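Worksheet: one structure, shown below.
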Number of protein chains: 2
Amino acid sequence: MAAARPAAQPRRVAARSRATRADAVATLREAAEPRSAEAGAAPPRRKRLAHEAAILQAAERVFAGAGFGGATMAEIAKAAGLPKPNLHYYFGSKKALYRAVLERTLREWLEPADCIVATAEPREALERYIREKMRLSFARPYASRVWANELLHGAPELRTTLVRTLRPLMRRKVAVIDQWMAEGRMAPVDSSHLFFTIWAATQTYADFEVQICAVLGCASLDRAAQARATQHVVSLILRGCGLA
Amino acid sequence: MAAARPAAQPRRVAARSRATRADAVATLREAAEPRSAEAGAAPPRRKRLAHEAAILQAAERVFAGAGFGGATMAEIAKAAGLPKPNLHYYFGSKKALYRAVLERTLREWLEPADCIVATAEPREALERYIREKMRLSFARPYASRVWANELLHGAPELRTTLVRTLRPLMRRKVAVIDQWMAEGRMAPVDSSHLFFTIWAATQTYADFEVQICAVLGCASLDRAAQARATQHVVSLILRGCGLA
DNA sequence: CCTACTTTTGACCATTTGGTCAATTATGCG
DNA sequence: CGCATAATTGACCAAATGGTCAAAAGTAGG
């Protein structure tokens, strides 16, 4: 199926055979930042990068709004301002595009944890982590929702990524927190579950924004409301960790 | 379209015209507990109730697993052990069935808040509330996920329900918490956001179970793990509220 | 048994949708 | 310019899916 094929459109063919593989990481590198570091290839055309970014952004919004099953390639194409076959030319399939969106999100999501290291001051590091997560929730709600949607439905596309990428990282971070507690620098809490609580408390502002706005009686959270929410989460959790 | 129609299957026709209306509450009463309190109608047949319950349960599981867009009526029918036209006979349309699932969940979800009343002891009431939410998350993960999925996608089906049902209830509960704080019985926190944090921290165990299991390295949370999670959330939040 | 009804079910659409393809148009380069 | 390659796009298809229907099969009461 992938072999016998007219010699035209080599890039697209490559993308399709790639998408068939289960190797999520490879798909990530190639689909999200295609050929940026490839052997003797010409430097990526500006237009290509721009189009891919536009598609990715449109896909993120549409997937966030309707889930994988509810989103349609036609809608994504319209949102990106490109004809539908173009999406397939760049990303191969709906699933590959979806995965590209997810992988990009994962990268962004893991970054804030960089500040959690053994040498840091617990209170300062945790506060910074929480604030960064809150900032991300408000700045990129669509990305958060696509991620949440994927988890909600059992993570069919990135179960292996969770185990191979997220779990090792979390083991390290959990060890840092445990060390802080062993040194008596914070109250004893379950460090793994502390992360779950922080993730939940922060991302709820992106994922369940409608519910929050409905309860608060506002159309959306303005700067002041965002600051209030951030302050609430930070102080509640820090106090919960005996870091007030 | 709904008018000219052979006189047969009156119930089904009624269900369809009902589903067309935007009145979610009416749909709730009729679809979830059909004709239980209707005028001179015969007592509901046992079989009917059993079938409706089976469909509702199957729908909950399938909607939770694939979202509204990704779920198919055929799959729900198979899960319920009934032929597909039967679903339409009982619930009229996919959307009406989806809404019936949501409305049932909302009712269950609001109940635990009953224990939050001004006369109660803050610490005891909050702990009981959190424990009940955790219990629900573990006992009915599918319901939680359908609800989360609906919110995630902007609550197209129950935006009005949120404003008309959830918001009034929360105003009352928030007032209770504020009173407790005014009486100096707990640390000052933003009471609205306290609820958002509790919801997020508890329901994350249902909604994002895969992620939690992936990080913890287990296939699912057994009784002991559930108890540990519950203890963590309870103590973290109570301490955060100055109720330790 | 008969009558009026509810319920069940296999077969059947119309529409939507992911994906394909061949033809056409840019684009870079020698 | 002329050639090869990359990118674009309108038209199209096979499969899936929500929903429909009419006929058959219960079922309760007289």
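All values reported here derive from a predicted model rather than from experimental measurement. Convention: sequence-line order gives letters A, B, ...; per-chain numbering from 1.
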Roughly how many Å is it from [atom1] in [X] to [atom2] in [N], rounded to a whole number?
{"X": "B:Leu87", "N": "C:dT9", "atom1": "CG", "atom2": "C1'", "answer": "12 Å"}
{"X": "A:Leu82", "N": "D:dA7", "atom1": "CG", "atom2": "C1'", "answer": "11 Å"}
{"X": "A:Leu97", "N": "C:dT17", "atom1": "CG", "atom2": "P", "answer": "16 Å"}
{"X": "A:Phe91", "N": "D:dA7", "atom1": "CZ", "atom2": "P", "answer": "13 Å"}

Original post:
Are A:Ser137 and A:Glu209 close enough that some pair of their side-chain heavy atoms sits under 4.5 Å apart?
Top reply: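 With C-beta onward as the side chain, the pair stays apart.
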Original post:
Taking only N and O in the side chain of A:Tyr89, is any of them less than 4.0 Å away from OP1 or OP2 of C:dT20?
Top reply: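 It does not, given that no N or O in the side chain of A:Tyr89 lies less than 4.0 Å from OP1 or OP2 of C:dT20.
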**OP:** Output yes when at least one side-chain N/O atom of A:Asn86 is less than 4.0 Å from OP1 or OP2 of D:dT9, else no.
**Re:**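 Yes, within the criterion.
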Original post:
More than 12 heavy atoms of other residues, nucleotides or ligands under 6.0 Å from CD of B:Gln57: is that the case?
Top reply: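 Not buried by this count: 12 neighbours or fewer within 6.0 Å.
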Original post:
Where the side chain of B:Gln211 meets the backbone of A:Leu162, is there a donor-acceptor pair that is under 3.5 Å apart?
Top reply: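 No, because the side chain of B:Gln211 does not come within donor-acceptor range (under 3.5 Å) of the backbone of A:Leu162.
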Subject >> B:Lys95 (side chain) donor-acceptor with B:Phe68 (main chain) under 3.5 angstrom >> reply: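 Side chain of B:Lys95 to backbone of B:Phe68, a donor-acceptor pair under 3.5 Å: no, none is there.
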Original post:
So which nucleotide from C:dT7, D:dT9, D:dA7 ends up closest to the side chain of B:Tyr90?
Top reply: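 Nearest to the side-chain atoms of B:Tyr90, counting from C-beta on, is C:dT7.
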Subject >> Candidates C:dA11, D:dT8, C:dT20 - which lies nearest the side chain of A:Pro85 >> reply: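 My answer, after comparing the listed nucleotides, is C:dT20.
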Subject >> Contact summary for B:Phe208 and A:Ala148, nearest pair of heavy atoms >> reply: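 In terms of heavy atoms, the two residues are closest at CE2-O, 3.6 Å.
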**OP:** Answer yes when B:Lys78 and B:Glu75 have at least one side-chain N-carboxylate O distance shorter than 4.0 Å, and no when they do not.
**Re:**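 Salt bridge flag = no for B:Glu75 with B:Lys78.
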Kindly give the atom pairs (protein nitrogen or oxygen, nucleotide nitrogen or oxygen) under 3.5 Å for nucleotides 14-18 of chain D.
unit_1	atom_1	unit_2	atom_2	d
D:dG18	OP1	B:Ala71	O	3.1
D:dG18	OP1	B:Lys94	NZ	3.1
D:dG18	OP2	B:Met73	N	2.9
D:dG18	N7	B:Lys84	NZ	3.2

